[in-house]
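Report on the structure given below.
Note on naming: letters A, B, ... go to the chains in the order of the sequence lines (proteins, then strands), and numbering restarts at 1 for each one. Values below: all heavy atoms of this structure, side chains included; hydrogens, waters and symmetry mates excluded.
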Amino acid sequence: SYDFTPMDSSAVYVLSSMARQRRASS
Amino acid sequence: QPPPESDSLEFHNAISYVNKIKTRFLDRPEIYRSFLEILHTYQKDQLNPKGRPFRGMSEEEVFTEVASLFHGQEDLLSEFGQFLPEA
């Protein structure tokens, strides 16, 4: 189970958008 | 156009990674907080309008900061490198 704070969620958001950007540029 | 499954895979990987860091640094929450701050600084810079003379934090700088934060936790660092777009 994921017990995430809003800070955690925004970290997840940043990381996954970084990964998407990486995929888009590869 | 990439299939939507890739998006959810990336989202899932990000959740697992954040969980792993939280768990690893349970005794040292200040490290986890610093990691979040680095990500937020990076994200804020990404949202700046294009063409600004000062671009802010580069991918390389983010990696350097995270490397010094995760010193001795090579697995976390190499996993972080998989999220970071090529500088």
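- The two residues B/Lys22 and A/Asp8 make their nearest non-hydrogen contact at NZ-OD2, 2.6 Å.
- Qualifying ring pair (Phe, Tyr, Trp, His ring centres under 6.0 Å) partners for B/Phe70, counting only residues two or more places apart in sequence or in other chains: B/Phe25, B/Phe35.
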*asked:* Pair B/Phe83, A/Val14 - check side chain to side chain contact (heavy atoms under 4.5 Å, CB included), show working.
replied: CA-CA 10 Å; B/Phe83 286 102; A/Val14 178; over 6 Å; no
_A/Arg23 and B/Leu9: CA distance, side-chain angles, deciding distance, side chain to side chain contact (heavy atoms under 4.5 Å, CB included) verdict_ = CA-CA 12 Å; A/Arg23 173 161 51 83; B/Leu9 179 70; over 6 Å; no
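- In this structure, CG on B/Leu36 lies 7.0 Å from OG on A/Ser10, to the nearest 0.5 angstrom.
- Here the CG atom belonging to B/Leu84 is positioned 7.5 Å from the CZ atom belonging to A/Arg22, to the nearest 0.5 angstrom.
- Closest approach of A/Met18 and B/Pro85 over heavy atoms only: O-CG, 3.6 Å.
- Residue pairs satisfying the salt bridge (Lys or Arg N to Asp or Glu O under 4.0 Å) criterion with at least one member in residues 62-73 of chain B, sequence neighbours excluded, are absent.
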*Full working for side chain to side chain contact (heavy atoms under 4.5 Å, CB included) between A/Gln21 and B/Glu59*: CA-CA 12 Å; A/Gln21 214 179 311; B/Glu59 282 78 14; 4.3 Å; yes
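- Side-chain contact between A/Phe4 and B/Asn19: present, with at least one pair of heavy atoms (C-beta onward) separated by less than 4.5 Å.
- The structure places CD of B/Gln43 at 10.0 Å from CG of A/Leu15, a figure rounded to the nearest 0.5 Å.
- Here the shortest heavy-atom pairing between A/Val12 and B/Ala14 reads O-CB, 3.6 Å.
- B/Tyr32 is not listed as a side-chain neighbour of A/Met7, based on a closest heavy-atom distance of 4.5 Å or more.
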